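Below: the structure, in structure tokens.
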Amino acid sequence: MPSIPMNQAIREALHEEMARDSSIFVLGEDVIAHGGPYAVTRGIAEQFPDRIRQTPISEAAIVGTAVGAALCGLRPVAEIMYVDFITCAMDEVVNQMAKVRYMFGGQTDVPVILRLPSGSARLIAAQHSQSLEAWFMHVPGLQVAVPSTPRDAKGLMKSALRGRDPVMFIEYKRLYSVKGEVPDTEYVIPFGQADVKRQGEDITVVASGPMVGKALEAARILSAEGIELEVIDPRTLVPLDTDTIFSSVEKTNRAIITDEEVRRGGSSAELASRIAEECFDYLDAPVRRVAAADVPMPFSPVLEKLAVPSVEKLLAAARDLVA
Amino acid sequence: MPSIPMNQAIREALHEEMARDSSIFVLGEDVIAHGGPYAVTRGIAEQFPDRIRQTPISEAAIVGTAVGAALCGLRPVAEIMYVDFITCAMDEVVNQMAKVRYMFGGQTDVPVILRLPSGSARLIAAQHSQSLEAWFMHVPGLQVAVPSTPRDAKGLMKSALRGRDPVMFIEYKRLYSVKGEVPDTEYVIPFGQADVKRQGEDITVVASGPMVGKALEAARILSAEGIELEVIDPRTLVPLDTDTIFSSVEKTNRAIITDEEVRRGGSSAELASRIAEECFDYLDAPVRRVAAADVPMPFSPVLEKLAVPSVEKLLAAARDLVA
Amino acid sequence: MGIKGPTTEQLLDMYAAMWRIRLFEEQAEYQSGQGKVLGALHTYIGQEAVGVGICAHLTDADYITSTHRGHGHCISKGADVRRMMAELFGRVTGYCKGKGGSMHIADFAVGMLGANGIVAGGFGLATGAGLAAQVRESGQVAVCFFGDGAVNRGPFHENINLGAVWRLPVVYVCENNQYAQWTPQEEITLVTDVASMSSAYGIPGAQVDGMDVLSVYQAAGEAVDRARRGEGPTLLECKTYRFHGHNFGDPQQYRTKEEISDWSGQHDPIQGLGDHLQREGVLTAEEAESIRNSVQEEIAGAVRFADESPYPGPEELTRDVFSTPVA
Amino acid sequence: MGIKGPTTEQLLDMYAAMWRIRLFEEQAEYQSGQGKVLGALHTYIGQEAVGVGICAHLTDADYITSTHRGHGHCISKGADVRRMMAELFGRVTGYCKGKGGSMHIADFAVGMLGANGIVAGGFGLATGAGLAAQVRESGQVAVCFFGDGAVNRGPFHENINLGAVWRLPVVYVCENNQYAQWTPQEEITLVTDVASMSSAYGIPGAQVDGMDVLSVYQAAGEAVDRARRGEGPTLLECKTYRFHGHNFGDPQQYRTKEEISDWSGQHDPIQGLGDHLQREGVLTAEEAESIRNSVQEEIAGAVRFADESPYPGPEELTRDVFSTPVA
Ligand SMILES: Cc1ncc(C[n+]2csc(CCOP(=O)(O)OP(=O)(O)O)c2C)c(N)n1
Ligand SMILES: Cc1ncc(C[n+]2csc(CCOP(=O)(O)OP(=O)(O)O)c2C)c(N)n1
Ligand SMILES: [Mg+2]
Ligand SMILES: [Mg+2]
């Protein structure tokens, strides 16, 4: 299997599906020049010149137009340069995209994909480092995918591109350049299927996005101490594969939830409260959450490092749970 | 003590504080005509004609302008006609209002109050019935107040009007006309102090907004069955009075969290996971959440009734917990 | 270039359609008073010429987007008044199975992409519909209806610019009824002639008397043709007036009774077309009456249909959130 | 009416300020290459005449809002280059204690309300500053700097309309450098003369050569005076060009080397003013050189200051989220 970075994996999904389905259409700021800041859309203009457009800085129009086009037969894939800018189009996301199917009694599909580069990276401070999965989870009608590896990113994007519902496709910027093996044969990864990235008996760690890698690193370290983590990557937060998560917790009797979102009100709260409610009889210890500090992302490297959840914090939480 | 409806209580707070502090300034759509759709700002134009302005339908400009004015010495109080429309100004809320103090290293106060009529009422369907507390909780820098009674509404508004931080002031539309006693002497209710609306030994119910009344109703019914609910109204979700909540749970060993937000990712998740984590040793049963269905608010009365959390659902959860 | 028509048949259709709107709305208000029509109700009474004059140029394949004041657009685009009324009653036979209500009626079968409870919510949808039409080279046109109040929201600006630079087949139609809810237009903007704003986007603008369906028809014809020819959007402003309150129950303290009766007395679009048709000898007074009566019947039938229809069952609560149920 | 000045002293101040910006930015790029300046870096090189020509009319009591490309605005408004450089280095002596970085430098003491990482993020802030000034009748003016790319966002539209109808003392200054990141302006709008859009808001518009500080000074003077007189906003467009990439490291495939060297060779605003001053006999070549050198020293001092400053301590992580710590 070839090893490629995540941005290339997403690009391959787009290319392959665009060749399959002529209704897929790409739009966003600077998506042609350099293929966007993350080079995800590189090469599309050359191969499908009529199916990609570079937009003005008009996030509300980008999303609104994508939704309108989806109601009329296209499958738009819009890049919002940083997820932080989706704040400029929340009406379009929340009151239009997420609700039209329901409000109109199921008259229409809404196959829109919003690609949302997320998280901290390269010291770009409070307005360019956010993670907003929790907001999207809280909006009925939105599906939320959070790939952590190139393989998952490609397979999930392919599912999204064949689906009928709006997808908030969370791409962690820090993962774009991280390589991983990707099958060279056709595959898709269905939404709602968690992936057990590592098996273990002692603690269930539900990790998403960039925290998957950190959880695996923590697992390697703790294994030497005789603590075996089971690392579960939900891959999609909506739909959520609670079966896999709950049965793991029934086995390990302990759980840590970790993601890069601000802790207060993060998706870790939803996951932790579900586990605490539904696995109550199996839990030997409280469910712990390891997430970002409750602060806007600070710029200075010394502070950013403290704000973002670390392997060390995972280690501490895990050791505490088995103590 | 006079008994007045909640919209009047908020109005009184505005009038009294505007008389005290000449920097308070009111703006919003139709806030002069009829005093806005909820008559909260009625009479202000007569009494303080230079300190209230009716705006165009420009939510982004309303919030952005409020923030700018706050940086330059005013204390703006902006009405967003329905909280659903704050989606049109989320950049201004999240990337500007919430972050300027931190991003700028504490150089400035940001005394903005956004008044946010929320929740279901009068069958107005998916785009006019939302509750978005969970989003705001998740944004570091925002304070979130959710009054459930006229007394709390007035006292909390007064605190907000004397504070130095941005406040998302959640006003449940269904409560505007509900009367309650309000002291006729000067008082304020500080942020971060929960109110025990009813004492009980068996189950802690943390209820906010319109669910406080329903929780009290459930408590009356259950009391006849020998089940005593302790009903705690946090009043502000940020800051959150965990002391009061946790000590109640230590006493009752059981907890229900209830609010009118959509359940998935609602503020009930944050509260439930905090309790499950920090009161683990005291819990005799899983923490239950009673919130709205994970659907856009349907229009038809038969469906709206099913979507919104009810006294019946509270009763069922409580009976289940002590079973 | 001049727009041909309307033909006599079209004129009579437009006349009937305007009555259909008027009587539907009057009935909706009545039923609201009876507690049968639920929720907020914003009627189109007074503005009938706009929706009707514009949609006369569209087929079911063309798209429109609408507003909170959407019944007139639905009817103009050919929606069925029975399923509309059932929706207002919250019944499962309604267009949205009762999940939408007045502010969310849609009929995708006739290209009606939905009323919208968000002011300016339609701009993106219409622009996107235009994009889909352009990409597919389908020859379809999208019309975006919006009020004068919506002009001051960002999506007006972002989407018209996008439609303009991409030369999308969209007609942006401002129904300037001079009030945004309870606020007069001149209080919230210095530019009350919305058509003049077209220059900020490099597209043509046109202003017409929105109480005169023939003027609307002419101007709309040019704009729709232009769009179909691939020459891009037009910003078309129809000066109009709503005869009733912003919503049913509005005490209307923000305008005078005289102003209202001036408009409804002297600029009634239905009366205007009726008089014109009679002057032209196309319609007799009796024929006019009979058109009105048959529409009246139709609306009465719609009310019966709505009233006899069941409410949605509890299983509908969680249906349609996604294409398939989700955990 | 004509604007008086600038005086010789002002001219020399402007000349020095433009050098201060230029050399600050060059040093910032150099230090970015060294790994000392962190994060994204968008330089103002080429656009110096705009910030300087406009802020020459403002006092510390007046307000400005800025963009992601904000260093020039900071310096024009009188911010201290030492605390600026320390901020870029992420040090606690920086304007924001290292919490902001390049895109978030603010200096409230001189009325600089912050750089802004959100394109068009400044419109609301400036309009609100103008509102505060108007309500307090303080005579202050607010200037909103923004790029051509920001014009296409909704807040441009919403806020200028609001500023116009309320006649707020705001000057909206478009720095039209003809590119939004990697996209040329004509690809994303049909209206490339931004000043002409003022008619959509009923306010005056003016367009000037943004490479000529004297033209900017004149036009800005009129707009600022108008605002101070209580006559409301002006939309002032300065045609300009950024000589370097969108950000440090930008490979600039979207424009030609010739285009860049044409602009930087023939329209350098600093050289332009220098030549003018020498022609007028106000400045000798030696004096020019000595101004440059003393600014050079100042910047070197700023780098030393930054480099010797400590990073923020861990206690700073949770400070400043609220006015007082919160549970
Ligand atoms: C974004 C948003 N802001 C505010 C409202 C509340 N609202 C509903 S209709 C309306 C007035 C709309 O005026 P206009 O666009 O002129 O349409 P008209 O009612 O005159 O047809 C307002 C303020 C809303 N629905 N959406
Ligand atoms: C809302 C938003 N969208 C996109 C971006 C990413 N971005 C940063 S600067 C920029 C280009 C801005 O162009 P312009 O306004 O002309 O300013 P210039 O860079 O030319 O000074 C873009 C797209 C952003 N920061 N904010
Ligand atoms: Mg109107
Ligand atoms: Mg630019």
Side-chain angles (χ1 to χ4, degrees), chain A residues 27-37 39 41-42 53-64 80-82 84-92 120-130 173 262-264 292-308, chain D residues 37-40 68 87-92 94 96-104 115-121 147-156 179-185 187-189 246-247 250-255 310-321 326-327:
Chain A
L27 70 167
E29 294 158 20
D30 301 304
V31 288
I32 296 177
H34 304 300
T41 52
R42 196 160 57 199
R53 282 201 205 160
Q54 210 154 271
T55 67
I57 307 177
S58 302
E59 282 79 6
I62 293 169
V63 178
I80 301 297
M81 201 183 280
Y82 288 77
D84 312 71
F85 311 156
I86 201 67
T87 53
C88 305
M90 282 302 277
D91 171 58
E92 287 72 12
S120 66
R122 299 188 295 119
L123 298 165
I124 36 180
Q127 294 176 332
H128 289 75
S129 303
Q130 289 166 90
K173 300 190 287 284
V262 154
R263 179 185 155 102
R264 187 195 291 117
D294 287 326
V295 303
M297 188 64 72
F299 165 69
S300 187
V302 295
L303 297 179
E304 189 187 82
K305 198 157 171 249
L306 293 174
V308 173
Chain D
V37 162
L38 304 164
H68 57 287
E87 189 61 34
L88 301 195
F89 276 53
R91 307 303 168 100
V92 75
C96 313
K97 307 186 199 164
K99 297 184 187 183
S102 167
M103 281 193 284
H104 307 293
N116 210 310
I118 302 296
V119 168
D148 49 292
V151 171
N152 304 130
R153 281 209 56 228
F156 166 93
Y179 290 89
Q181 191 151 332
W182 304 329
T183 304
Q185 191 192 13
E187 205 183 290
I188 49 178
T189 185
H246 169 66
N247 57 343
D250 174 1
Q252 302 189 64
Q253 289 163 9
Y254 51 88
R255 57 183 189 178
Y311 285 103
E315 73 285 356
E316 282 297 338
L317 178 69
T318 52
R319 267 194 202 151
D320 302 322
V321 180
V326 136

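Given the structure is predicted, the values throughout are model-derived calculations rather than measurements.
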With heavy-atom distances below 4.5 Å as the criterion, would you say the side chains of [X] and [Y] are in contact?
| X | Y | value |
| --- | --- | --- |
| D/Leu317 | A/Val295 | yes |
| A/Ser300 | D/Glu316 | no |
| D/Pro251 | A/His34 | yes |
| A/Leu303 | D/Lys99 | yes |
| A/Gln127 | D/Asn116 | yes |

Below 4.5 Å from any heavy atom of chain D, which atoms of A/Thr55 appear? Answer side chain, backbone, both or neither.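 For A/Thr55, the contact with chain D is made by the backbone alone.
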
Pick whichever of [options] has the most heavy-atom pairs under 4.5 Å with chain A.
| options | result |
| --- | --- |
| D/Val92, D/Thr318, D/Val321, D/Thr183 | D/Thr183 |
| D/Gly94, D/Gly100, D/Gly154 | D/Gly100 |
| D/Pro312, D/Ala180, D/Gly149 | D/Pro312 |
| D/Asp320, D/Val151, D/Thr189, D/Ile118 | D/Ile118 |

Looking at chain D, which one of A/Ala61, A/Cys88, A/Ala121, A/Ala60 has the largest number of heavy-atom pairs inside 4.5 Å, strictly under?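 The answer is A/Cys88.
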
Partner residues of A/Ile32 under the side-chain contact (heavy atoms from CB on, under 4.5 Å) criterion, sequence neighbours left out: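 Here the qualifying residues are A/Ala45, A/Ile52, A/Gln54.
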
Heavy-atom cut-off 4.5 Å, strictly under: side chain, backbone, both or neither for D/Asp250 against chain A?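 Contact with chain A is through the side chain of D/Asp250 alone.
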
What residues form a side-chain hydrogen bond (donor to acceptor under 3.5 Å, both in side chains) with A/Arg53, not counting sequence neighbours?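 Applying side-chain hydrogen bond (donor to acceptor under 3.5 Å, both in side chains) to A/Arg53 gives C/Gln134.
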
Which heavy-atom pair separates A/Ala125 from D/His104 by the least distance, and what is that distance?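 So the minimum-distance heavy-atom pair works out to CB-CD2, 3.8 Å.
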
Would you check if the side chain of A/Asp30 reaches a backbone N or O of D/Trp182 as a donor-acceptor pair within less than 3.5 Å?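 Confirmed, A/Asp30 side chain pairs with D/Trp182 backbone.
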
Point-to-point distance, once rounded to the nearest 0.5 Å, from CD of D/Glu87 to CZ of A/Phe299: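 Here the interatomic distance stands at 7.0 Å.
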
